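Okay, structure first, notes after.
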Amino acid sequence: MQTLIQYIVNKTSIAEKSIESTVNLIDQDCTIPFIARYRKEATGNLDEIQIGDIVTLKKDFEALQKRKERILKSLEEQEVLSDELKQKIEHTDNLVALEDLYLPYKKSRKTKADTARENGLEPLAKIIMAQNANDIDAIATRYTNKNVASEEEALEGARHINAEWINERLDIRNAIRNQYERYAEINTKVVKTKSKDENAQKYRDYFEWNEPLKRCPSHRLLAILRAENEGFIKVKITIDQDKALDFIESRIIKSNNACGAQIELAATDAFKRLLAPALSNEALTNAKEKADATAISVFAKNLKQLLLSPPLGEKRVLAIDPGFRTGCKVVCLDKQGGLLHNETIYPHEPRKEATQAIKKISTLVNAYKIEAIAIGNGTASRETETLIKRIRFDSDVQVFVVSEAGASIYSASKIAREEFPNYDITVRGSVSIGRRLSDPLAELVKIEAKSIGVGQYQHDVDQAKLKDELDRVVASCVNKVGVNINTASKSLLSYVSGIGDKLAENIVSHRNENGPFTSREAIKEVSRLGNKAFEQSAAFLRIKSPTNPLDDSAVHPESYSVVNKMAVDLKLKIKDLVGNKELIKKIPLEKYCTKNIGLLTLTDIVKELEKPGIDPREKAKIFEFDPNIKTINDLNPGQILPGIVNNITNFGCFVDIGIKESGLVHISKLTDGFVSDVNEVVTLQQHVKVKVTEVDIDRKRIQLSMSF
């Protein structure tokens with residue numbers, strides 16, 4: 001029987017020793033970020049992606065083993081488990097192949113073949129399959145009875161049994177499956193009664209569509225399946241029926257007689273009624289899984305880029321959630337994102353109180369010593385930005401336009417209600433906009449990742465896989481940046497390696513009751529935070545202005561003694577060693593290698609000593625849209641405009657040019673040359689210049705180009 005390690009070795013190019021060590025660490029409840037960062041010697045320096053692959057394959061193997069156990073138990077209960085069948089099942093490493101082995105014994109609803117057997121027609125089916133009888137009609141007469149009125153009914157029942165046997169043959173199933181994998185076509189037809197539906201028009205490209213299934217890109221397949229789910233089209237997966245039947249008949253028809261003719265009929269029935277429905281559905285399911293994986297991967301890349309967007313840092317921020325009729329919600333935040341003040345101004349239609357609004361904003365900026373203004377990019381954003389830029393402030397105040405994606409979801413969430421129980425959703429939404437400017441990562445972790453708005457078809461893909469992958473991305477980003485334990489929210493802390501929701505809650509409670517943590521060692525005082533949780537989390541938690549400077553670094557507490565030895569050997573205190581690049585470069589790392597700490601870890605340690613606790617993210621940059629472009633009606637082909645990349649797909653990227661509708665830069669318009677991966681050319685939140693190539697006002701679609 002195949003072992004877990006053998007299973008993973010066969011499906012990856014990772015060394016067996018690295019897999020064994022990683023699986024052992026996973027079994028010890030170590031997290032992916034911890035393993036990747038602090039167990040490099042054990043894993044052979046595997047990165048988070050490779051470790052994540054091992055975690056996924058481990059789950060797949062365990063699921064396969066459970067399914068094998070259930071099947072073996074079922075076969076034993078049916079008393080049909082032979083040694084040969086048991087061996088085949090135990091050595092199968094593929095779920096599809098496993099189900100094929102189980103198919104003849106699978107308990108399901110009553111079939112036509114079952115009815116034929118009950119009517120005593122299995123012997124006739126065996127005679128036909130043997131293909132030795134010449135006068136099969138005469139033989140069939142012997143099998144008529146009270147349930148089988150004629151020889152034709154007898155032959156039909158026998159063919160149902162023959163068809164089931166054909167369907168269960170592994171060689172035939174695998175061959176037809178191969179044809180579906182290589183040659184299947186996806187065909188669509190519009191549901192005529194729905195063709196005039198207004199909601200159907202966005203799918204009109206797929207009203208009559210066909211192409212090879214394996215060439216159908218992820219975004220198109222998901223769009224087609226969504227159109228089918230909404231009832232606008234019918235989808236069918238097909239292969240060349242004649243070619244499939246020729247293969248089946250070549251495998252089973254051995255005689256040119258009446259039995260051969262019966263088998264030919266049974267083969268056609270087997271294909272149309274059993275093989276084609278099952279294998280076409282399997283082919284579509286496989287294609288959907290691949291499309292899901294591609295869409296989830298794109299979403300994950302976008303999410304990572306968004307979460308690691310440049311933070312402004314600890315600044316006093318005035319945030320505005322703009323609006324027309326309902327006014328602009330204004331909040332003032334301190335350097336830690338705490339709410340100091342909130343109110344509403346009405347500078348736009350219908351009240352047009354611009355003068356009062358300008359005076360109010362000026363007063364708030366002075367009163368709360370505001371250093372930056374964040375304006376949400378929703379309705380009335382451009383008008384509000386124009387208003388703010390008319391104001392002459394007494395100090396240097398930076399103005400930023402910030403994405404509102406998901407802010408409304410946060411403002412109505414339990415997290416927001418707990419943070420601001422005495423304020424309504426409009427105030428909470430404004431606070432979220434301001435905090436996103438200061439630290440996008442810390443704020444965005446409070447929103448369900450799929451609601452942030454940087455993916456496509458997120459509601460159409462496998463939701464469990466999407467959640468797992470996005471949670472993994474969020475955790476990776478949080479641990480990559482590190483978390484200030486004395487200011488982090490419960491939501492942010494919950495993503496730290498080894499923490500989770502309950503311990504995050506306990507950390508916040510301890511902090512509220514006892515004041516800020518003064519050292520990493522003090523973290524152990526948190527209720528229910530044991531040695532394992534401390535091991536996994538401590539190096540990702542930062543203590544600002546600590547007694548021991550290593551507490552504000554990515555150096556793990558388990559390595560403090562090594563750093564201390566380095567300092568002692570240099571006749572320095574640790575605080576004098578940290579940041580001293582010249583001395584750090586002279587440290588002979590080989591001297592400090594131990595059984596558990598090798599050169600990989602030591603190299604990381606000295607890099608961290610050079611720049612302890614440095615934020616890997618860039619700094620926020622001011623961006624300005626074209627002031628003349630306020631709606632889609634202001635656009636004309638040929639215009640060159642500044643924009644911000646706000647979504648990336650496999651077929652191109654979407655760019656915010658300062659209006660409600662984002663424009664699409666197709667992959668063919670990104671550069672003058674060929675592009676295979678959009679992410680190689682652009683990144684999320686990147687500032688770009690684009691050329692307007694086409695404007696469809698009716699459909700609210702804008703085509704842009706970056707190759708001009």
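In this text, all values refer to a predicted model and were calculated from it rather than measured experimentally. We number each residue from 1, following the sequence as shown.
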List the atom pairs, with distances to 0.1 Å, where a side-chain N or O of residues 385-392 and a protein N or O form a donor-acceptor pair under 3.5 Å, not counting sequence neighbours.
unit_1: E385; atom_1: OE2; unit_2: K389; atom_2: NZ; d: 3.0
unit_1: T386; atom_1: OG1; unit_2: R382; atom_2: O; d: 2.9
unit_1: K389; atom_1: NZ; unit_2: E624; atom_2: OE2; d: 3.3

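- In this structure, the side chain of S432 does not engage the main chain of R428 through any donor-acceptor pair within 3.5 Å.
- A donor-acceptor pair is defined here as one N or O able to donate and one able to accept, closer than 3.5 Å; such a pair exists between the side chain of R417 and the backbone of A412.
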Side-chain donor/acceptor pairs under 3.5 Å, residues 399-409, sequence neighbours excluded:
unit_1: S403; atom_1: OG; unit_2: A405; atom_2: N; d: 3.2
unit_1: E404; atom_1: OE2; unit_2: G378; atom_2: N; d: 3.2

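- The local environment of CD in Q356 is crowded, with over 12 non-hydrogen atoms from other residues, nucleotides or ligands closer than 6.0 Å.
- The side-chain hydrogen bond (donor to acceptor under 3.5 Å, both in side chains) contacts involving residues 696-708 comprise S705-S707, where partners must be two or more places apart or lie in separate chains.
- For CD1 of I49, the number of neighbouring non-hydrogen atoms (other residues, nucleotides, ligands) closer than 6.0 Å is 12 at most.
- Proximity of P616 to V481: side-chain heavy atoms (C-beta onward) are separated by under 4.5 Å at one or more points.
- For the pair I224/W209, a side-chain contact is recorded, criterion being any heavy-atom separation below 4.5 Å from C-beta on.
- In this structure, CG on L437 lies 11.0 Å from CG on L318, to the nearest 0.5 angstrom.
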Side chain to side chain contact (heavy atoms under 4.5 Å, CB included) evaluation trace for N286 with R177: CA-CA 11 Å; N286 291 340; R177 179 179 286 120; over 6 Å; no
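- Under a 3.5 Å cut-off, the side chain of R316 and the backbone N or O of Y368 do form a donor-acceptor pair.
- How far CG of L704 is from CD of E694: 10.5 Å, rounded to the nearest 0.5 Å.
- Among pairs with a residue in residues 361-375, none fulfils salt bridge (Lys or Arg N to Asp or Glu O under 4.0 Å), at least two apart in sequence or across chains.
- Take Y423 and apply the ring-ring contact (aromatic ring centres under 6.0 Å, His included) test, not counting sequence neighbours, and it matches no residue.
- Looking at E228, its side chain does come within 3.5 Å of a backbone N or O of V235 through a donor-acceptor pair.
- Counting non-hydrogen atoms of neighbouring residues, nucleotides and ligands closer than 6.0 angstrom, the NZ atom of K480 reaches no more than 12 such neighbours.
- Heavy-atom neighbours of K630 NZ from other residues, nucleotides or ligands within 6.0 Å: at or below the threshold of 12.
- Few gaps surround NZ on K450; more than 12 heavy atoms of other groups in view lie less than 6.0 Å from it.
- A donor-acceptor pair under 3.5 Å links the side-chain atoms of D424 to the main chain of V427, judged by distance alone.
- Counting only heavy atoms from C-beta outward, the side chains of Y410 and I415 approach each other to under 4.5 Å.
- Using a 4.5 Å cut-off on side-chain heavy atoms (C-beta onward), D240 and Y183 make no contact.
- Between F708 and T693 there is no side-chain heavy-atom pair separated by less than 4.5 Å.
- For residues 320-339, no residue pair satisfies the side-chain hydrogen bond (donor to acceptor under 3.5 Å, both in side chains) rule, not counting sequence neighbours.
- The list of side-chain hydrogen bond (donor to acceptor under 3.5 Å, both in side chains) pairs with a residue in residues 303-315, not counting sequence neighbours, reads Q305-N679.
- Remark: D634 CG to I659 CD1 distance equals 8.0 Å, nearest 0.5 Å.
- A heavy-atom distance below 4.5 Å is found between the side chains of K234 and V191.
- For residues 196-206, every residue pair satisfying the side-chain hydrogen bond (donor to acceptor under 3.5 Å, both in side chains) rule, not counting sequence neighbours, is listed here: Y203-E230.
- Using a 4.0 Å cut-off between charged side-chain N and carboxylate O, R472 and D468 make no salt bridge.
- Using a 4.0 Å cut-off between charged nitrogen and carboxylate oxygen, E419 and R435 count as a salt-bridge pair.
- A donor-acceptor pair under 3.5 Å is formed between the side chain of Q50 and the backbone N or O of D47.
- For Q463 (side chain) and V461 (main-chain N/O), a donor-acceptor pair under 3.5 Å exists by modelled atom type.
- Shown here are the salt bridge (Lys or Arg N to Asp or Glu O under 4.0 Å) partners of K611, two or more places apart in sequence or in another chain: there are none.
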For a quick test of your reading: what N or O donor-acceptor pairs under 3.5 Å do the side chains of residues 644-651 make, sequence neighbours left out?
unit_1: N646; atom_1: ND2; unit_2: S662; atom_2: OG; d: 2.8
unit_1: N647; atom_1: OD1; unit_2: N302; atom_2: ND2; d: 3.0
unit_1: N647; atom_1: ND2; unit_2: G455; atom_2: O; d: 3.4
unit_1: T649; atom_1: OG1; unit_2: F651; atom_2: N; d: 3.2
unit_1: T649; atom_1: OG1; unit_2: G652; atom_2: N; d: 3.2
unit_1: T649; atom_1: OG1; unit_2: G652; atom_2: O; d: 3.0

Derivation and outcome, side-chain hydrogen bond (donor to acceptor under 3.5 Å, both in side chains), residues H219 and T294: CA-CA 9 Å; H219 64 273; T294 300; over 6 Å; no
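- For E353, the salt bridge (Lys or Arg N to Asp or Glu O under 4.0 Å) partners two or more places apart in sequence, or in a different chain, are R351.
- The neighbour count for D396 CG, taken as heavy atoms of other residues, nucleotides or ligands under 6.0 Å away, does not exceed 12.
- Nearest heavy-atom pair, Y495 versus V445, reported as atom, atom and distance to 0.1 Å: CE1-O, 3.9 Å.
- Proximity of a side-chain donor or acceptor of N281 to a complementary backbone N or O of P277 within less than 3.5 Å is not detected.
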Would you check, one step at a time, whether the test side chain to side chain contact (heavy atoms under 4.5 Å, CB included) holds for D460 with L225? CA-CA 8 Å; D460 301 290; L225 294 179; over 6 Å; no
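- Counting heavy atoms from C-beta outward, I629 and L635 have side chains that approach closer than 4.5 Å.
- A 4.5 Å side-chain heavy-atom check between D292 and L222 finds at least one atom pair inside the cut-off.
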Solution key, residues 359-367 side-chain donor-acceptor pairs under 3.5 Å, sequence neighbours excluded:
unit_1: S362; atom_1: OG; unit_2: I358; atom_2: O; d: 3.0
unit_1: T363; atom_1: OG1; unit_2: K359; atom_2: O; d: 2.9
unit_1: N366; atom_1: ND2; unit_2: S362; atom_2: O; d: 3.3

